[in-house]
Every structure is written in structure tokens, then in C-alpha cells.
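See below for the structure under consideration.
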Amino acid sequence: MPELPEVEVVRRGLATHAAGRVIEVAEFRGLRVARRHEAGPEDLTARLRGRLIESAQRRGKYLWLALDGGEGLIVHLGMSGQMLVSDPDQPDQRHLHARFRLSDGREIRFVDQRTFGGLALATLDWDGIPEPVRHIGRDPFDPKFDARAAAARMVTSSSGVKRLLLNQTIVSGIGNIYADESLWRAQIHPEKPGDRHTKPAIVRLLGHAADVMNAALEEGGTSFDALYVNVNGQSGYFDRRLAAYGQQGIPCPRCGTPIVRESFMNRSSHFCPRCQPKPRTSS
DNA sequence: CCAACTACCTGTTAGC
DNA sequence: TGCTAACAGGTAGTTG
């Protein structure tokens, strides 16, 4: 479940192992991995050959390799995508969908079990952002992230505050894990409507989101199984620090009340029923 | 226009 | 033992 800290770990790995190299050969398997690249995988293969990787960039959960010529190879990990640095003689990983042979003799491989991830080539705008990523808001790791502007949007909506945290056009990078952790830290019920908060309360919530994701980044990210790994195939350790997410039935670290899990948008919300009381009127 | 719902996937686990 | 169902969930497209 790669969210902002996990994607940033991968970006750093690509900055180390891919930037400065040339793509000698690109290979795509099947039609799904490049489905967002309208011209298809053959076009992608042809256009990537010989391109210099200038840097590894990120906004929210979107990654891209900035190439010479003002284009970027967008990488979205989806639910289970991995970018792995491999030696060419290593056997193909299960669910290998793309491979890039680099000028240093190593390979970057895109491996994705659940196939929600994908790759595409796009033009970078004047700000260096790929066109398909333009609609994504800045994330809390971005120096230009404006928490007060994001809060101003959130307090005008009657949607539940967790839904707003997950809206990538307002603030990006937050997924189900860090939404639950941020709300636990801020002691806010996930379904309390945005317009029933003050702006400073939402700014504080976004500060907790930045804090918990920074703490996760320091531990290499959160991983529950082998699905989320860095470019060297290693998992992070932040799962040991989670207070709410996946902790149903376990005492709240703050008050001891068992954490509950509730169905939410075809998935789950985890929260402390005492520290995060349900708002008075809610549907 | 905005909000809410659903399809897209596969591996693991729980339940019968 | 073997089958089925539930679950994990980010994003884009559709529906209301």
C-alpha cells in the first residue's frame, strides 16, 4: 500500500540508481502496464530507447523519471507496484511487467501483482510537472505545500474529513493508512464533516499528517507483507508504530479503549471510539 | 459542478 | 480437503 513515505523511499532509490544513466532498452509485457500511454507499449519502447534519465521526481503518489527532451516517464505504483534494481542475470520476478536496461549495465524492473500501477510517457510543463499529474495537489513534503489553503477548501465541504484527506486534488500522498493515523493523532472522527471544523483545526490535522508521514519515512515506510519494498527489495518498519490502522481490538495507546474498525467507502476506517468521538449529527 | 459509487486486479485468509 | 467469499485499496470514469 504505497503512500507518500513509501513512494518517496522509491524515488530516492531511483535518484541513486537510475538518474544519470541512459535507457538502452525498454521492454513492456502485455497491454495493461502502459494502458495510460495512449500510443501503446510499442511506441513507448521506441521513444524511450537512448533517453537520458536526468532525475527522479515525485508529487504525491506519482513518480516520474525526468528525461532529456522535456518529457517524463510517469510511474504509478498503484496498490502493489515495485521498482526494483536488478542485475540482468537475475531471473524474472513474478508479475514482471516492464524492464529498463540502463547504461551502467543494471536493470530497473517494474513488478506489480495487482496491476493497479502503470507507466506512461508525457510532456513536462513549465513547472516540470507531467500533464497527467497536473490535477494532483501538492503533498505535505512539498516546500510549497500550503496547509492553510488546503484547510480553506476542506472547511467548505460537508463531506467527511477522512474523505477530504484522501482527495488527492486537495492534498496528495495520503492514503488509508496515514489518513487513519493522522485522524487518530488529531483526535478527530473520520466522518466529522469538513464544514464542522475550524480552519486551524484542519491545519493541525494536516500537521499531524506531515508528522506521521515523516516518521514513517525515517523508518523506511510501512509494510505489512512483501508487497511494498524499496528498490533493493527491502521492507520498511513503520507498521510497528501504527496506533490505529489495522489495530482493531487492540487498546488505544492514548486511553486504552479498544480501537474499532468500521466499513468506509468499500474499505475500512480504524479509530478510537473514545478519543475520536462520533460527531453529534452524522449519517 | 460536486459528491458518491464502482470497476479494475490477484494473492491470502477465513469460513463452511 | 476443497471450495467460495471476503479483504486489501488508488485512481479514473460513471452515475446521481
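Order of the sequence lines sets the chain letters (A, B, ...), proteins ahead of strands, with each chain counted from 1.
- In this structure, Arg94(A) atom CZ and dC9(B) atom C1' are separated by 13 Å, rounded to whole Å.
- Spacing between atom CD of Gln248(A) and atom P of dA6(C) amounts to 18 Å, rounded to whole angstrom units.
- Where the helix from dC2(B)-dG16(C) to dC16(B)-dG2(C) starts and where it ends, the local axes point in directions that differ by 60°; five pairs per end, rounded to 10°.
- The side chain of Arg114(A) contributes no N or O atom lying less than 4.0 Å from OP1 or OP2 of dT12(B).
- One can place CG of Asp180(A) at 13 Å from C1' of dA8(C), the figure rounded to the nearest angstrom.
- Linking ILVMFWY residues whenever their side-chain heavy atoms come closer than 4.5 Å, directly or via other members, leaves Ile74(A) and Leu63(A) in distinct clusters.
- Between His95(A) and Ser159(A), it is Ser159(A) whose nearest contact on DNA chain B lies nearer the 5' terminus.
- Among dA8(C), dA12(C), dT10(B), the nucleotide with an atom closest to any side-chain atom of His135(A) is dA12(C).
- Computed from coordinates, the Asn266(A) CG to dT11(C) P distance equals 16 Å when rounded to whole Å.
- Glu181(A) places no side-chain N or O within donor-acceptor distance of the main-chain N or O of Val212(A), the cut-off being under 3.5 Å.
- Between Arg267(A) atom CZ and dC8(B) atom P the separation is 16 Å, expressed in whole Å.
- For Tyr62(A), the side-chain atoms get nearest to dA12(C) when compared with the rest of dC9(B), dA12(C), dG11(B).
- In this model, a donor atom of one side chain and an acceptor atom of the other lie less than 3.5 Å apart for Gln93(A) and Ser86(A).
- Straight-line distance from the CD1 atom of Ile74(A) to the P atom of dT11(C): 13 Å, rounded to whole Å.
- Ser157(A) comes within 4.0 angstrom of sugar-phosphate atoms only, judged by non-hydrogen atoms across all strands, and of no base.
- Among the atoms of the strands shown, none is found under 4.0 Å from any heavy atom of Phe264(A).
- Qualifying side chain to side chain donor-acceptor pair (under 3.5 Å) partners for Asp43(A), counting only residues two or more places apart in sequence or in other chains: His37(A), Arg47(A).
- Rounding to whole angstrom units, CZ of residue Arg32(A) and P of dA12(C) are separated by 13 Å.
- A close approach under 4.0 Å does occur between a side-chain nitrogen or oxygen of Gln168(A) and OP1 or OP2 of dT11(C).
- Between Phe100(A) and Phe28(A), the ring planes are perpendicular. Angles over 60° get that label, and only those under 30° would be called parallel.
- Close to dC7(C), at under 4.0 Å from its OP1 or OP2, lies no side-chain N or O of Ser268(A).
- Take Arg32(A) and apply the side chain to side chain donor-acceptor pair (under 3.5 Å) test, not counting sequence neighbours, and it matches Thr115(A).
- Listed candidates were dA12(C), dA8(C), dC5(B). Nearest to the side chain of Arg261(A) is dA8(C).
- Ring-to-base geometry places Phe116(A) in a stacked arrangement with dC8(B) (centre distance under 5.5 Å, plane angle under 30°).
- Judged by distance alone, the side chain of Gln276(A) and the main-chain N or O of Leu183(A) form a donor-acceptor pair under 3.5 Å.
- Remark: side-chain polar atoms of Arg59(A) are not paired, donor with acceptor, to backbone N or O of Arg138(A) under 3.5 angstrom.
- The shortest distance between the side-chain N/O atoms of Arg153(A) and the OP1/OP2 oxygens of dC2(B) is not below 4.0 Å.
- Across the protein-nucleic acid pair, Leu63(A) atom CG and dG10(C) atom C1' stand 14 Å apart, rounded to whole Å.
- For the pair Tyr178(A) and dG10(C), the criterion of a side-chain N or O lying under 4.0 Å from OP1 or OP2 is not met.
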